[in-house]
Every structure is written in structure tokens, then in C-alpha cells.
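As the structure lists them, so they are numbered: ligands from 1, and atoms in each ligand from 1.
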Amino acid sequence: MGMTNRNAVVTGAGSGIGRGIVEAFLADGYTVWASDLSDDRLAETREALNNSEALRTRAVDVTDYAGLEGLADTVIGEGGSLDAWVNCAGIFDGYADVLETSPELWDKVLTINLTGSFYGARIAAARMTEQKSGRIITVGSVAGQRGAADGIAYAASKAGIEGMTRRLAVDVGHAGVTANVVAPGVIRTNLRATSEEILGDLVSSQQRGIGVSNPEFLDFLIPAKRSGLISEVAAVVVFLASDGAGYVNGQVLPVDGGWTAS
Ligand SMILES: NC(=O)c1ccc[n+]([C@@H]2O[C@H](COP(=O)([O-])OP(=O)(O)OC[C@H]3O[C@@H](n4cnc5c(N)ncnc54)[C@H](O)[C@@H]3O)[C@@H](O)[C@H]2O)c1
């Protein structure tokens with residue numbers, strides 16, 4: 001068990017990896033502020049986590065800067081510190097290549113994945129550098145380093161997260177704050193379905209069947225020869241938020257079964 005009376009904010013917490021990160025923080029004694037675009041999915045998170053007393057939920061779109069600021073102010077307004085901010089909200093582009101990616105699809109993916117993460121990072125950095133502690137953790141992807149892992153907009157957004165985080169680390173390190181990226185490989189979640197729901201016609205129907213999570217791919221490219229568990233990503237996020245990770249700053253930690261090493 002970690003320390004008590006710590007607050008963590010997690011975006012994209014209505015599903016998948018975000019929900020798993022909420023669960024892991026709760027297990028470590030944090031009060032967790034789970035936010036997501038979708039109120040319905042947040043309700044599912046509450047139910048899945050047995051309406052934990054230490055769980056707060058608020059619907060916020062990560063492209064709404066004022067909404068994210070309001071969330072941070074609520075955490076601090078309740079007399080607490082902002083100890084961990086996790087940018088997890090993201091959508092993926094159905095492996096759309098350069099010609100399949102319309103300017104609209106590009107803008108939407110970059111705005112949610114990269115700009116939304118910058119908004120969260122800026123809001124957290126302002127408060128954490130003032131309180132002289134805190135952890136900013138952003139969920140990237142192997143697509144930040146591997147061109148064939150996803151579509152062009154998604155790959156650009158995740159590579160952008162890595163560059164942003166290196167500069168962020170430089171900016172906040174003096175105040176005892178760290179900023180890092182956790183970069184998952186293949187994890188079974190609702191990412192495809194929720195992304196299709198959000199992107200609608202921006203992603204073509206041909207792209208919907210494509211995927212890297214088929215058994216041949218996993219066997220060929222991933223030394224672990226399996227997809228990863230949500231809990232295996234969440235555990236690394238909670239580690240980066242811990243006191244023990246205080247000297248880890250500006251880094252990308254792949255959680256990919258060895259994919260990027262191969
Ligand atoms: N599943 C994987 O294999 C995998 C691999 C690498 C990285 N990731 C990253 O992990 C993160 C979580 O994805 P997941 O796989 O758990 O997918 P998911 O679809 O299960 O969860 C994503 C959540 O983000 C929310 N969301 C989307 N747009 C939002 C917005 N504008 N504002 C607030 N919330 C928004 C969705 O409502 C959803 O609840 C994403 O950043 C994704 O890119 C996933």
C-alpha cells in the first residue's frame with residue numbers, strides 16, 4: 001500500500017486502460033478523480049469499481065481547457081494536493097494511411113490525443129510546480145516509435161506526446177515534479193469501438209477490419225507472444241506516480257511485451 005490522502009486525476013477513465021489506472025490508484029490508497037467524455041461510460045466505471053468511496057467522477061472532454069481547469073480546481077478546492085495527473089484519453093484512426101487521412105480526421109485525432117494531453121499537462125504543471133510536487137503521466141503508444149503500428153495521425157499524435165513530455169520534464173523538474181510517458185503495445189480494450197463512435201464517417205468502413213492484434217502478428221512481432229493486460233499498464237503508471245520514481249523524468253516506458261526491442 002502506498003500513502004493515503006493523495007489525489008490522482010485520470011482522463012479517459014470511462015473504459016479500458018483509464019479505468020484500470022483508476023482501479024490501481026484506488027488500490028494504492030489514492031482518492032481518484034475519474035473523468036471521461038462519456039457520462040455513461042463513467043457510470044460503468046463507478047459500477048465496475050463498486051462505487052468506491054474514494055472515487056469521484058466528472059464528465060470532461062479533454063479538448064475543453066476550461067473544463068479540465070475546473071476539474072483541477074475542484075481537486076485543490078477540496079483541500080487536497082494534485083499528486084498525479086494522467087492523460088489517458090485517446091482515440092485511434094483505424095490505421096488510416098496518408099491518403100486515407102482527411103484533414104478533418106488528422107485534426108480530430110491530433111486535437112484529442114496531443115492537444116488534449118498538452119492541456120492536461122499545462123494545467124497540472126501550473127499547480128504542481130506551485131505545490132512543489134506532483135507527477136504528470138501521459139499514455140503514449142508503441143506508435144510513437146513504430147510507423148506501422150497504427151495510422152499516420154495516431155502515430156504523429158503519440159510521437160508528439162513523447163516530444164512534449166521531454167520538454168515538459170525540463171520545465172517542471174526544478175520543482176520536484178516529473179513528467180513521463182507510458183507507451184503500451186497491444187492491449188485488449190474498447191479502443192476501436194469507442195474511436196469509431198467518436199470519429200463516425202471520418203474513418204472508412206474498409207479500415208474497420210484491419211488490426212495488429214491477430215494471433216499471427218502477436219506471435220511474430222511480440223517476444224511475449226501475447227497481448228498485454230490493462231493491469232500491466234496500470235501498474236507502471238502507479239509506479240511512476242510513487243515516491244520511488246522521483247528521479248525518473250522525461251522518459252518513455254514501453255509496456256509492450258518487448259515489441260519495440262525486437
Ligand atoms: N488498447 C491499446 O492497445 C492501446 C495501445 C497503446 C496506447 N493506447 C492508448 O491508451 C489510451 C486509452 O485507450 P483504451 O485502449 O483504454 O481505449 P478505450 O476506448 O477503451 O478508452 C478510451 C476512453 O477515452 C475516452 N475519450 C475519448 N475521447 C475523449 C475526449 N475527447 N475527452 C475525454 N475522454 C475521451 C473514451 O470515451 C473512452 O472511455 C489511449 O490514449 C490509447 O491511445 C491503447
Side-chain angles (χ1 to χ4, degrees), residues 9-24 33-46 48 57-68 71 86-95 107-120 137-146 149-151 153-162 165 181-200 202 211-214 217-218 221-222 226-234 236-237 252-257 259-260:
V9 170
V10 182
T11 71
S15 178
I17 294 171
R19 183 185 294 166
I21 293 168
V22 171
E23 185 175 9
W33 300 74
S35 76
D36 199 279
L37 183 68
S38 159
D39 237 338
D40 289 348
R41 284 196 274 279
L42 281 177
E44 286 169 24
T45 290
R46 274 196 301 273
T57 54
R58 179 174 307 178
V60 185
D61 185 329
V62 293
T63 67
D64 171 10
Y65 190 85
L68 288 178
L71 176 58
V86 183
N87 295 308
C88 185
I91 55 169
F92 114 118
D93 56 4
Y95 301 96
D107 283 348
K108 187 87 179 172
V109 172
L110 269 288
T111 303
I112 294 176
N113 292 7
L114 182 56
T115 307
S117 297
F118 166 68
Y119 285 177
I137 299 153
T138 302
V139 178
S141 166
V142 287
Q145 299 186 7
R146 289 288 181 278
D150 286 287
Y154 188 89
S157 72
K158 296 300 187 178
I161 280 171
E162 295 186 9
T165 299
V181 173
V182 173
V186 179
I187 315 291
R188 291 188 197 286
T189 68
N190 294 327
L191 185 59
R192 182 184 290 270
T194 47
S195 300
E196 282 174 6
E197 180 192 308
I198 291 165
L199 291 171
L202 291 178
V212 291
S213 56
N214 63 63
F217 168 80
L218 294 176
L221 216 56
I222 300 186
R226 64 171 177 88
S227 55
L229 304 174
I230 288 171
S231 59
E232 290 172 319
V233 179
V236 176
V237 172
V252 178
L253 264 80
V255 183
D256 63 3
W259 180 358
T260 46

Minimal heavy-atom distance between Lys158 and Ser141, with the atoms involved, is CG-CB, 3.7 Å
*asked:* Regarding ligand 1, does Asp36 bring an N or O atom to under 3.5 Å of one of the ligand's N or O atoms?
replied: yes
Of all heavy-atom pairs linking Val109 and Ser157, the shortest is CG1-OG, 4.2 Å
Residues at least two apart in sequence or cross-chain that pass salt bridge (Lys or Arg N to Asp or Glu O under 4.0 Å) with Glu162, listed by chain then number, are none
Problem set entry | Asp93 side-chain N/O to Tyr154 backbone N/O, donor-acceptor pair under 3.5 Å | yes
Between Asn87 and Ser117, do the side chains contain a donor N or O and an acceptor N or O under 3.5 Å apart?
no
Atom 26 (N) of ligand 1: closest protein heavy atom, distance to 0.1 Å, is Ala89 CB, 4.1 Å
of all protein heavy atoms, closest to atom 44 (C) of ligand 1 is Ile17 CD1, 3.6 Å
Any side-chain donor near an acceptor of the partner, Thr45 and Arg19, under 3.5 Å:
yes
The protein heavy atom nearest to atom 22 (C) of ligand 1 is Gly90 O, 4.0 Å
When you compare the side chains of Asp256 and Thr260, does any donor N or O come within less than 3.5 Å of an acceptor on the partner? yes
Heavy-atom proximity to atom 23 (C) of ligand 1 ranks first, among Cys88, Ala143, Gly12, Gly18, for Gly12
Under 4.0 Å from one or more heavy atoms of Val139, ligand 1 contributes atoms 9 (C), 10 (O), 11 (C)
For Tyr154, the ligand 1 atoms with a heavy-atom partner under 4.0 Å come out as 6 (C), 7 (C), 8 (N), 9 (C), 42 (C), 43 (O)
Closest to atom 7 (C) of ligand 1 among protein heavy atoms sits Gly140 O, 3.1 Å
### Query
Within a strict 4.5 Å, meaning less than it, do heavy atoms of the Ile187 and Ile230 side chains meet?
yes
- Query: For Asp40 and Ser38, does a side-chain donor sit closer than 3.5 Å to a side-chain acceptor?
  - Reply: no
Pro184 heavy atoms within 4.0 Å reach ligand 1 at atoms 5 (C), 6 (C), 7 (C)
closest protein heavy atom to atom 1 (N) of ligand 1 is Ile187 O, 3.0 Å
If you compare Leu37, Val233, Ile112, Ile91 by their heavy atoms, the one closest to atom 33 (C) of ligand 1 turns out to be Leu37
the protein heavy atom lying closest to atom 31 (N) of ligand 1 turns out to be Asp61 OD1, 2.9 Å
Residue, atom and distance of the protein heavy atom nearest atom 20 (O) of ligand 1 read Ser15 OG, 2.6 Å
Note: ligand 1 atoms sitting under 4.0 Å from heavy atoms of Gly16 are 16 (O), 20 (O)
Numbered in order shown, the ligand 1 atoms found under 4.0 Å of a heavy atom of Arg41 are 36 (C), 37 (O), 38 (C), 39 (O)
*Side-chain H-bond candidate by donor/acceptor type, Arg46 with Thr57, under 3.5 Å*: yes
of all protein heavy atoms, closest to atom 13 (O) of ligand 1 is Leu191 CD1, 3.8 Å
Exam field: side chain Thr189 to backbone Ile17, donor-acceptor pair closer than 3.5 Å = no
Taking only non-hydrogen atoms of Val60 and a 4.0 Å limit, the atoms of ligand 1 in range are 32 (N), 33 (C)
Numbered in order shown, the ligand 1 atoms found under 4.0 Å of a heavy atom of Asn190 are 19 (O), 20 (O)
Quick note on ligand 1: atoms under 4.0 Å from a heavy atom of Thr194 include exactly 18 (P), 19 (O)
